[in-house]
Novice: 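There's a structure below that I have some questions on.
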Amino acid sequence: MQRRLKLSKEKALAFIYPWRDSLGFLLSGTPIRIGEIFLAILIPNAFIGKKIKKAELPIVLLLLLNLILSVIGIIIHSSSIDKGFAYKYIFRNFFYCFVMLGFLKTKLQITEKDIDKLMNYITKLEFLMLVLVEFTGIHFSINGILSYSDIIQSGQYIMIGPIKIVRFMGTASEAGYLISIILPPFYYYINKFIVEKFKDNKKCIINIAILSICILFTNSSAIYLIAACIVLFSILGHLDKSKTRYFILFLCLLFFVSSPMLIKYGEVFNSTVVNKFNSFLGRTAEFDWSSTDRRLHYNSAWNMFCKSGWIDQLFGNGTGAYYQHQYTDSSLLTNGVEEAYNLYLSTLTDRGVIGLIILISVIVFLYKNTIKKDLYSTTLFSGVVVQCIHWMLTGNMWLYFFWINIILLISYRRNKAIIEVGLKKNSI
């Protein structure tokens, strides 16, 4: 019975992981994702008297330190912060303290086979979403099911001649937010194809092609750039492998087959992607609202940090300080941005250098829990890496799938540790 419960939790974690913004609802204007509700079932384990492994304990301690720092900042700066945002931040920080504490007191483990199934599941799910939205306009959202008219109203499409092509958002609310869901399987299948000795070649090639199509339809500068880095990293990391040249040949073939579409898409690519990069970097370019808006908020947050006293630079101006500050900056295009489109800058303004050190320590902890040269472990860590990169463009640290990613990473390391112990006993 206990074994069956353990397996059901593992399967539920894998099932809920990629849905991101597609399954959920609004509660008094606050988005509640089904994945967050599921993670709450781990909380009762936090009150069990079981010991936690010392190697796994730092993640809870770091969350607790961040919570203490946030609470102190809110108390000290109560008159200069947005309390609504601050209270939501505190609640989510508190929630994940208990989620992670509860998880660390379980024996959850995942295997290589579990990860392989998860990557295949994500690939097929996102491709199904691509077909659905491109042919029907139907897209799942935290607000319910959206139609083609909603996409037209929001402007989430590009024009290629007279044809409207929907920007692929998959299980996310925006195309760019798909980054931490769709790129880990892309990394996985590329490296699996190169490393393994002609095993599952057909499956890898099909899934790489499917994911490449999904990536192309996002029309997202960030996804294009990081996907290109993944391809380059995978090739350079395996130059000694004989199958690397097969992968390069496959890429050339894929490029050749899609070249008519790419040529037609070239003008759109230049105006929406290249121009956005140039605008974001402050180079001469046509005005782009999104990239200019981000750049202005980055400057505003950095200026706020630099103008703070040294104590506030060290400990922060209080969580919710930037949210309050941006309403007073007349140079900004938009207001109502909670975290300056950048988690690192927002951490500096709200929780200071100490808060930034805590955030970086979380990333270091996850890196140390990654098994080097192990495809399954590095695949899970690639989800952490792309999320950390995306935090340069977004601010929300508390999205549930990031914490499921952490749980999966630690669970896989547990499984490998048990296997290694078993091998050592058998060799004695």
Novice: Taking side chain as C-beta onward, heavy atoms only, is Asn415 less than 4.5 Å from Ile110?
Specialist: no

Novice: Under 3.5 Å, is there a donor-acceptor pair between the side chain of Arg351 and the main chain of Thr319?
Specialist: no

Novice: Taking the side chain as everything from C-beta on, heavy atoms only, tell me whether Leu409 gets closer than 4.5 Å to Ser377.
Specialist: yes

Novice: Is the closest side-chain heavy-atom distance between Leu375 and Val195 below 4.5 Å?
Specialist: no

Novice: For residues Asn317 and Ile81, report the shortest heavy-atom separation together with the two atoms involved.
Specialist: O-CG2, 3.7 Å

Novice: Do His297 and Thr334 come close enough that some side-chain heavy atom pair is under 4.5 Å?
Specialist: yes

Novice: Backbone N or O of Leu393 within a donor-acceptor pair of the Arg294 side chain at under 3.5 Å?
Specialist: yes

Novice: For Phe91, which residues count as a ring pair (Phe, Tyr, Trp, His ring centres under 6.0 Å) partner, sequence neighbours excluded?
Specialist: none

Novice: Is the shortest heavy-atom distance from the side chain of Thr378 to the side chain of Thr370 under 4.5 Å?
Specialist: yes

Novice: Mind checking what makes salt bridge (charged side-chain N to carboxylate O under 4.0 Å, His left out) contact with Asp116, not counting sequence neighbours?
Specialist: Lys192, Lys203

Novice: When you look at NZ of Lys372, are more than 12 heavy atoms from neighbouring residues, nucleotides or ligands closer to it than 6.0 Å?
Specialist: yes

Novice: Answer yes or no: is there a donor N or O on one side and an acceptor on the other, between the side chain of Tyr189 and the main chain of Ala209, under 3.5 Å?
Specialist: no

Novice: In Å, rounded to the nearest 0.5 Å, how long is the span from CD1 of Ile354 to CD1 of Ile357?
Specialist: 4.5 Å

Novice: Could you grab the distance from atom CG of Asp21 to atom CZ of Phe401, nearest 0.5 Å is fine?
Specialist: 7.0 Å

Novice: Which heavy atom in Asp329 sits nearest to a heavy atom in Asn335, and how many Å separate them?
Specialist: O-ND2, 4.4 Å

Novice: Distance from Leu359 atom CG to Cys388 atom SG, nearest 0.5 Å?
Specialist: 7.0 Å

Novice: Nearest heavy-atom pair of Glu126 and Thr171: which atoms, and what distance?
Specialist: OE2-OG1, 2.8 Å

Novice: Check whether any side-chain N or O of Trp391 sits under 3.5 Å from a backbone N or O of Asn396 as a donor-acceptor pair, and report yes or no.
Specialist: yes

Novice: Any side-chain donor-acceptor pair under 3.5 Å between Thr106 and Asn45?
Specialist: no

Novice: Report the C-alpha separation of Lys416 and Glu112 in whole Å, then their side-chain angles, then the decisive distance to 0.1 Å, and conclude whether the salt bridge (Lys or Arg N to Asp or Glu O under 4.0 Å) test is met.
Specialist: CA-CA 9 Å; Lys416 292 294 285 187; Glu112 294 177 356; 3.5 Å; yes

Novice: Using ring pair (Phe, Tyr, Trp, His ring centres under 6.0 Å) as the criterion, list what pairs up with Tyr376, not counting sequence neighbours.
Specialist: Tyr188

Novice: Dump the intermediate steps for side-chain contact (heavy atoms from CB on, under 4.5 Å) on Gln313 and Leu348, then the final yes or no.
Specialist: CA-CA 7 Å; Gln313 286 183 341; Leu348 279 175; over 6 Å; no

Novice: Look up atom CD1 in Ile52 and atom CD1 in Ile59, then write down how far apart they are to the nearest 0.5 Å.
Specialist: 11.5 Å

Novice: Would you sort out whether Ile152 and Lys164 count as a side-chain contact (heavy atoms from CB on, under 4.5 Å), showing the intermediate values?
Specialist: CA-CA 9 Å; Ile152 299 301; Lys164 287 186 177 75; 3.4 Å; yes

Novice: Which of these, Gln326, Arg295, His325, sits in a side-chain hydrogen bond (donor to acceptor under 3.5 Å, both in side chains) with Ser300?
Specialist: His325

Novice: Is any side-chain heavy atom of His390 closer than 4.5 Å to one of Tyr177?
Specialist: yes

Novice: Could you check whether any side-chain heavy atom of Tyr412 comes within less than 4.5 Å of a side-chain heavy atom of Ile371, counting everything from C-beta outward?
Specialist: yes

Novice: May I ask you to decide whether Glu56 forms a salt bridge with Arg413, counting only side-chain N to carboxylate O separations under 4.0 Å?
Specialist: no

Novice: For Tyr224 and Asn219, indicate whether the former's side chain and the latter's backbone hold a donor-acceptor pair under 3.5 Å.
Specialist: yes

Novice: If you draw a 6.0 Å radius around NZ in Lys50, do more than 12 non-hydrogen atoms from other residues or ligands fall strictly inside?
Specialist: yes

Novice: Check for a donor-acceptor pair, side chain of Ser308 on one end and backbone N or O of Met304 on the other, with a separation under 3.5 Å.
Specialist: yes

Novice: Side-chain atoms of residues 93-103: list all donor-acceptor pairs with protein atoms under 3.5 Å, sequence neighbours left out, distances to 0.1 Å.
Specialist:
residue : atom : partner : partner atom : Å
Asn93   : OD1  : Asn66   : ND2          : 2.8
Asn93   : OD1  : Leu67   : N            : 3.2
Asn93   : ND2  : Leu63   : O            : 3.2
Tyr96   : OH   : Trp398  : O            : 3.4

Novice: Between Asp350 (side chain only) and Gly320 (backbone N and O only), is there a donor and an acceptor less than 3.5 Å apart?
Specialist: yes

Novice: Taking all non-hydrogen atoms of both residues into account, name the closest pair between Ile74 and Ala86 and its distance.
Specialist: CD1-CB, 3.6 Å

Novice: Could you tell me if the ring centre of Phe38 sits under 6.0 Å from that of Trp19?
Specialist: no

Novice: Just verifying a value: how many Å separate Asn369 CG and Leu380 CG, rounded to the nearest 0.5 Å?
Specialist: 11.5 Å

Novice: Locate the shortest heavy-atom distance separating Tyr341 from Val337; write the atom from each residue and the value.
Specialist: OH-CG2, 3.5 Å

Novice: Answer whether the closest heavy-atom distance between the side chains of Cys214 and Met129 falls below 4.5 Å.
Specialist: no

Novice: Just by distance, do the side chain of Asn207 and the backbone of Asn120 share a donor-acceptor pair under 3.5 Å?
Specialist: no

Novice: Return yes if a side-chain donor-acceptor contact under 3.5 Å exists between Thr111 and Asp114, otherwise no.
Specialist: yes

Novice: Run the numbers on Leu23 and Phe140 for side-chain contact (heavy atoms from CB on, under 4.5 Å), then give the verdict.
Specialist: CA-CA 7 Å; Leu23 293 178; Phe140 295 96; 6.0 Å; no

Novice: Any idea which heavy atoms bring Tyr344 and Leu356 closest together, and the distance?
Specialist: CD2-CD1, 4.0 Å

Novice: Within the side chain of His139, is there an N or O that forms a donor-acceptor pair under 3.5 Å with the backbone of Gly170?
Specialist: yes

Novice: Applying side-chain contact (heavy atoms from CB on, under 4.5 Å), can you list everything that pairs with Ser78, at least two apart in sequence or on another chain?
Specialist: Lys83

Novice: Does NZ belonging to Lys117 count more than 12 external heavy atoms closer than 6.0 Å?
Specialist: no

Novice: Determine, using ring centers only, whether Tyr400 and Trp403 are less than 6.0 Å apart.
Specialist: no

Novice: Given 3.5 Å as the limit, does a donor-acceptor pair link the side chain of Lys307 with the main chain of Phe305, or not?
Specialist: no

Novice: I'd like to know whether Asn405 forms a side-chain contact (heavy atoms from CB on, under 4.5 Å) with Leu366, so could you lay out the CA-CA distance, the side-chain angles of the two residues, the decisive distance to 0.1 Å, and finally the verdict.
Specialist: CA-CA 10 Å; Asn405 200 335; Leu366 298 175; over 6 Å; no

Novice: When rounded to the nearest 0.5 angstrom, what is the spacing between CD1 in Ile37 and CD1 in Ile32?
Specialist: 7.0 Å

Novice: Suppose we screen for ring pair (Phe, Tyr, Trp, His ring centres under 6.0 Å). Which residues come up paired with Phe127, at least two apart in sequence or across chains?
Specialist: none

